[in-house]
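To keep things clear, I will list the structure first and then write my remarks on it.
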Amino acid sequence: MKLRIPIIAALIVVLLTACGGSGGGGGGLAAPEPPPPVADVPNLYALAPGNMPVGVAVPAGGASNSVLTSMPRQTIVDDHFSQITAENIMKPSFLHPGANSYFFDDADALIDYAVSQGKTVHGHVLIWHQQLPAWMQNFSGNATEWTNMMENHVDTIVRHFAVRNPGVVVSWDVVNEAFTDSDANMDGMTELRDTIWLQGIGPDYIADAFRTAKAADFDADLYYNDYNLAGIPEKLAAVLDMVDQFANDPNPVPIDGIGFQMHVSLDWPPIGDIASALAAAAATGLKVRISELDVTVNTDSAGNPGPLTQLTAAVAAQQQQRYHDIVSAYLDAVPAAQRGGIAVWGIADVDSWRRNNNPDEWPLLFDDQFQPKPALQGFADGLTGN
Ligand code: G3I
């Protein structure tokens, strides 16, 4: 996915790094100061108003950094989060590897861990255009066959977790990233993405996926999830239009919430845009989640690495403020009864998907040694209104 971050941001980072990181010694050649140690931060989830879920995406299954085999990661998850999301292992390529075969062992082990720690689980993801098994990508059939295939996929997966552990997978990303980023036909809304689902079934695949998921687990909250909803107004407009159509359908489509992924940078989207986008989503009456929060500090708008080779005190302070502002904006914009919660997309910087693109990136709340960053304090202060 392409994230829009103004080039100017990179320049600001350079300047702030030079100013804030030189220790006041002048000359600009001294090593920049690293972030200061962070004083004890109380458990995030205990700070959250009204038991709002505070979640985290976790590696599991065969991943070398699986939370199930890493004590430092488990300590962080247990201390700070009330909900987990599988970062990868509950996606179609993992759960549904063959047309007639499902693989639940790894996911069940993760669910068992969640249960043992008293955490709920947010299910991610049923219908997406990435991380699909090859058989699904190559599926051929008419619209009825495609619909049957999709419905079986959604029904089998949702039902598995609802039956094995009732009440643990409390919500699902039913459809993820169904809209493009650009308003090609200039009608104020971005278009449906050209996916196998759109090609095989047509635009009704989204409603059908929600109906199927609801029939499989009436109690789970069902979300539409996407990125850049706060940064591209036409994309949010497309999602809100879809929600409106769902509500006005003679047989209303059972959607419970809108998920904002919130993969952002220090300055894009501006906080005012984030606040107004969250408020617009809340005005639908649906639940609203921040589902995949992370904050890059050293990646430009084209996705290229910035100049930093280590996180500096000055940039860490900016990131702390950014986490604070986003959490605070969420609590201001979304009424308590509609808060699906806030989840960060990864436990520690060393785990972040942002490192795939830029090894010199530090987007999360804990550093490579699993120590709290100033960002954690920012998140906590956002929750408590400090
Ligand atoms: O499973 C293979 C493994 O067999 C192989 O050895 C290894 C070698 O690189 O790759 C493994 O696959 C990787 C997979 O994660 C599982 O670890 C892929 O290369 C890698 O591209 C994939 O990245 C994930 C990405 O989704 C895929 O698009 C990230 O970890 C994950 O954080 C990211 O999460 C997405 C959300 O689901 C949706 N929203 C955006 C978010 C960030 O892209």
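Remember, it's 1-based here, ligands and their atoms both numbered in the order they're listed. Any value given below was found using the heavy atoms of this structure, including those in side chains, with hydrogens, waters and symmetry copies removed.
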Output, in order, the C-alpha distance, side-chain angles, deciding distance and verdict of side-chain hydrogen bond (donor to acceptor under 3.5 Å, both in side chains) for Thr190 and Glu234.
CA-CA 5 Å; Thr190 65; Glu234 297 85 356; over 6 Å; no
Derivation of the side-chain hydrogen bond (donor to acceptor under 3.5 Å, both in side chains) call for Asn176 and Gln130
CA-CA 9 Å; Asn176 190 40; Gln130 289 187 29; over 6 Å; no
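In this structure, Trp345 counts as a contact residue of ligand 1, since one of its heavy atoms falls inside 4.0 Å of the ligand.
Taking every non-hydrogen atom of His124 and a distance limit under 4.0 Å, the qualifying atoms of ligand 1 come out as 36 (C), 37 (O), 38 (C). Close contacts of ligand 1 with Gln130, meaning ligand atoms under 4.0 Å from a residue heavy atom, involve 27 (C), 28 (O). Contact atoms of ligand 1 toward Gln131: 14 (C), 15 (O), 22 (C), 25 (C), 26 (O), 27 (C), 28 (O) (distance under 4.0 Å to a heavy atom of the residue). Every atom of ligand 1 with a heavy atom of Glu292 under 4.0 Å away is listed here by number and element: 36 (C), 38 (C), 39 (N), 40 (C), 41 (C). Set against the non-hydrogen atoms of His263, the atoms of ligand 1 under 4.0 Å away are 40 (C), 41 (C). Against a heavy-atom cut-off of under 4.0 Å, Glu177 is close to the following atoms of ligand 1: 38 (C), 39 (N), 40 (C).
A cation-pi arrangement is absent between Lys373 and Phe379, since the terminal nitrogen or guanidinium carbon is not both under 6.0 Å from the aromatic centre and inside a 45° cone about the axis. A cation-pi arrangement, defined by a distance under 6.0 Å to the six-membered ring centre and an angle within 45 degrees of its axis, is absent between Lys214 and Phe210.
Closest of all the heavy-atom pairs between Leu286 and Gln338 is O-NE2, 2.7 Å.
Between Asn88 and ligand 1, a contact under 3.5 Å exists for at least one N or O pair. The shortest N/O to N/O separation between Asn176 and ligand 1 does not fall below 3.5 Å.
The aromatic rings of Phe139 and Trp135 stand perpendicular to each other, their planes meeting at an angle above 60°, with 30° marking the opposite boundary.
Of the candidates Lys91, Met90, Glu87, it is Lys91 that places a heavy atom closest to atom 26 (O) of ligand 1.
Ring pair Phe260/Tyr227: centre-to-centre distance not below 6.0 Å.
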